[in-house]
Amino acid sequence: MFRSVLPGFFVALTALLACVACWDVAIGHGQDRPNIVLVMADDLGYAQTGYYNHPLLRTPNLDALAENGLRLDRYYAAGPVCSPTRASVLTGRTHERTGVMEHGYALRRQESTLATAMAEAGYATGHFGKWHLDGLRGPGVPIFADDPYGPAQFGFQTWLSVTNFFDRDPLLSRGGQFESFQGDSSEIIVDEALKFARQSKRSDQPFFAVVWYGTPHSPFKASAEDIASLADTPGRKELVESMDAQSIQQYGELVAMDRSLGTLRRGLQEIDALSSTLIWFCSDNGGLGDIRPSATAPLRGHKGQLYEGGLRVPCVLHWPDRIEPGRVSRYPACAIDIAPTVLDLIGVSTDSLTKPLDGISLKELLVSPYSAPEKSRPSPIGFRYKTESAVVDNPWKLIRTKKGDELYNLDEDIAEQRNQVSSHPEQARRLRAWLDQFNQSVDASVAGEDYPEGQVDPDHPRPRFWTDLPAYQAKFPQWRDRWEYQKTIERAKKPTK
């Protein structure tokens with residue numbers, strides 16, 4: 001028996017190893033490098049997907065990406081608010097290391113970014129939508145061409161961007177030229193990203209596109225047609241009639257956002273790029289606490305908190321050439337993993353990124369048929385926000401608050417209701433020690449010790465409102481009647497007491 005089986009086994013094993021080697025060479029060095037499209041929603045909660053059987057929202061296009069790709073059910077934003085996660089996506093580092101402590105902080109120019117590494121590897125790089133890494137607060141406004149903290153400074157050759165959240169009929173900046181658009185913001189930036197993809201395809205150049213929605217962040221403004229679609233059955237109509245206006249508008253926005261995902265998929269198919277493109281969809285932080293039906297149930301907490309509701313978000317990866325369809329994983333993953341994973345997939349060393357990195361490559365988890373059996377994550381995931389910090393280590397999570405430490409087993413208690421600090425003191429001690437070391441390391445990064453200069457650039461700006469800048473004040477007369485800026489400009493023109 002062994003004589004007949006073993007030769008065949010070794011032949012098969014040799015062929016498999018050869019295929020793995022060939023695949024690595026093709027992806028890393030050949031002409032078949034994948035296109036990468038990173039898509040991120042703005043304030044989309046864990047519960048706000050059709051594939052989790054939401055009582056109101058249907059997301060057929062996101063569901064289709066999941067059914068034909070990999071769904072990560074334990075995926076975390078890098079922080080519980082927006083700018084922090086955006087910084088981590090581009091660097092592979094916990095956001096405070098990069099100087100982005102909170103929303104509206106600027107990414108340090110001393111950081112090396114994924115976009116720069118992709119451009120140096122021969123990719124066309126483009127950013128579309130919300131930026132929020134240039135230190136400006138207030139509703140999103142077009143970015144000036146000479147903004148020292150705009151997308152161009154961090155590796156994006158093409159960009160159509162705004163400083164912060166944006167909604168219907170937006171005013172965007174195309175490389176510094178301001179343009180007014182009509183329609184839903186999600187559909188607009190997907191259409192523009194597809195134009196970029198078509199141009200790259202015609203130039204026979206792989207593309208790296210970052211599509212950062214303004215949806216479903218406030219202010220909420222959906223079309224009448226999308227709102228009407230929520231109430232297309234008696235049961236759904238009754239539910240909509242019980243909702244507040246804010247929640248109705250937000251869910252209407254999500255109808256359009258989901259439709260844009262279908263446009264993205266079809267558009268890539270039309271240029272024969274869908275199979276060779278990795279689409280990585282996620283959200284920048286957890287959902288809002290005052291939206292009904294809940295944006296985060298059954299999780300505890302919401303945006304702005306380190307409980308699961310503030311951090312755990314939907315995530316789907318779609319890549320027909322390499323990801324087996326219909327997979328669902330509970331492997332703990334995070335936005336800090338995006339940069340090291342993408343670079344690993346295209347065969348570029350993470351030496352191009354600032355150290356230390358906090359993320360890890362998820363290549364083994366993603367790629368089939370060579371993916372290893374799902375294992376425990378080899379390193380914990382750390383979080384910091386304001387005065388609190390937390391660590392996730394496979395089933396265990398420790399949160400450090402002013403009131404003390406809380407320990408949860410997320411496999412048994414997804415809602416974080418049973419603090420197990422007393423019942424599992426050994427786990428609490430282990431994670432406390434890890435968190436102490438993590439916080440010391442991040443503190444050193446905050447002080448600038450990661451950079452060759454050994455300090456933070458003294459010219460790095462503090463967060464400020466765009467209404468305080470003369471270049472934007474000059475736009476007040478043109479913008480004062482625009483619905484998204486009207487109140488902001490009125491407040492800025494009132495004399496301070």
Side-chain angles (χ1 to χ4, degrees), residues 75-81 83-103 105-114 116-117 133 154 285 305-307 310-311 332-344 349-362 376-394 396-402 404-407 421 426-458 460:
Y75 182 87
Y76 294 93
V81 293
S83 299
T85 292
R86 296 166 199 280
S88 293
V89 168
L90 294 182
T91 64
R93 288 156 51 86
T94 297
H95 57 89
E96 289 197 4
R97 295 190 192 276
T98 74
V100 182
M101 319 298 285
E102 177 48 298
H103 74 91
Y105 276 67
L107 180 62
R108 292 174 183 161
R109 288 187 294 180
Q110 292 160 289
E111 291 287 323
S112 301
T113 69
L114 174 60
T116 298
L133 289 172
F154 295 99
N285 49 251
Q305 299 180 337
L306 294 184
Y307 292 111
L311 293 170
C334 181
I336 56 175
D337 300 329
I338 291 177
T341 300
V342 169
L343 292 181
D344 194 11
S349 170
T350 55
D351 289 346
S352 56
L353 300 176
T354 309
K355 301 295 186 298
L357 286 182
D358 295 288
I360 63 173
S361 174
L362 303 178
S376 297
R377 184 182 176 96
S379 57
I381 305 170
F383 302 93
R384 300 208 332 178
Y385 184 63
K386 295 184 177 179
T387 61
E388 297 185 350
S389 55
V391 52
V392 169
D393 187 24
N394 295 300
W396 294 101
K397 179 179 180 182
L398 182 80
I399 305 177
R400 180 167 293 170
T401 72
K402 289 182 178 179
D405 292 347
E406 301 171 20
L407 178 69
V421 164
E426 73 290 347
Q427 294 291 350
R429 281 193 298 270
R430 180 178 66 85
L431 293 178
R432 281 169 175 152
W434 188 93
L435 199 54
D436 286 342
Q437 291 183 346
F438 172 75
N439 282 325
Q440 290 173 11
S441 174
V442 176
D443 286 343
S445 299
V446 171
E449 295 181 16
D450 300 343
Y451 308 129
E453 304 87 346
Q455 64 179 14
V456 177
D457 183 345
H460 188 74

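Residue numbers run from 1 in the order of the sequence given. These numbers come from a predicted model, not from an experiment.
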Checking ring pair (Phe, Tyr, Trp, His ring centres under 6.0 Å) against F383, which of F438, Y76, Y307 comes through? Y76
M101 vs S83 side-chain heavy atoms within contact, under 4.5 Å: no
Ion pair check, D337 and R377, cut-off under 4.0 Å: yes
Closest heavy-atom pair, A428 versus L407, reported as atoms and distance to 0.1 Å, is N-CD2, 4.0 Å
Are R97 and S441 side-chain neighbours, meaning at least one heavy-atom pair lies under 4.5 Å? yes
Expected output: side-chain H460 to main-chain G99 donor-acceptor under 3.5 Å: no
Does D344 reach the main-chain N or O of P340 with its side chain, forming a donor-acceptor pair under 3.5 Å? no
Heavy-atom pair with the smallest gap, counting every atom of N285 and G79: CB-O, 3.7 Å
Validation row: T91, S112 side chains within 4.5 angstrom (heavy atoms): no
Donor-acceptor check, side chain of T341 to backbone of L362, threshold 3.5 angstrom: yes or no? yes
Could you tell me the separation between the CD1 atom of I336 and the CD1 atom of I381, rounded to the nearest 0.5 Å? 5.5 Å
If I compare all heavy atoms of P332 with all of N394, which pair ends up nearest, and what's the gap? CG-OD1, 3.8 Å
Are L398 and R432 side-chain neighbours, meaning at least one heavy-atom pair lies under 4.5 Å? yes
Provide the closest heavy-atom pair for G404 versus T401 in the form atom of the first, atom of the second, distance. O-OG1, 2.9 Å
Hey, are the side chains of S352 and L343 touching, using non-hydrogen atoms and a 4.5 Å cut-off? yes
For the backbone of A78 and the side chain of T85, can you confirm whether one donor and one acceptor N or O come within less than 3.5 Å of each other? yes
Is a salt bridge present between D436 and R400, judged by a nitrogen-to-oxygen distance below 4.0 Å? yes
May I ask you to test the D405-I399 pair for a side-chain heavy-atom distance under 4.5 Å? no
Go through the steps to decide whether D450 and S445 satisfy the test side-chain hydrogen bond (donor to acceptor under 3.5 Å, both in side chains), and finish with yes or no. CA-CA 6 Å; D450 300 343; S445 299; 2.6 Å; yes
Is there a donor-acceptor contact under 3.5 Å from the side chain of Q110 to the main chain of Q455? yes
Main chain of T350, side chain of K355: is a donor-acceptor contact present, judged purely on distance under 3.5 Å? yes
So which heavy atom on L353 is nearest to which on A339, and how close? CD1-CB, 4.0 Å
Please determine whether a side-chain nitrogen of the Lys or Arg among R93 and E111 lies less than 4.0 Å from a carboxylate oxygen of the Asp or Glu. yes
Between Q305 and Y385, does the side-chain hydrogen bond (donor to acceptor under 3.5 Å, both in side chains) criterion hold? Intermediate values first, please. CA-CA 8 Å; Q305 299 180 337; Y385 184 63; over 6 Å; no
Assess whether atom CD of Q437 is packed by more than 12 heavy atoms of other residues, nucleotides or ligands within 6.0 Å. no
Exam field: side chain D457 to backbone R108, donor-acceptor pair closer than 3.5 Å: no
Side chain to side chain, L306 and P80, heavy atoms closer than 4.5 Å: yes
Note: A87 and V100 closest approach over all heavy atoms is CB-CG2, 3.7 Å
From CD (E96) to CD (E102), nearest 0.5 Å: 9.5 Å
Does T94 offer a backbone N or O that forms a donor-acceptor pair with the side chain of D358 under 3.5 Å? yes
Does some side-chain heavy atom of R430 sit less than 4.5 Å from a side-chain heavy atom of D393? yes
Treating H95 as the side-chain partner and S88 as the backbone partner, does any N or O pair qualify as donor plus acceptor under 3.5 Å? no
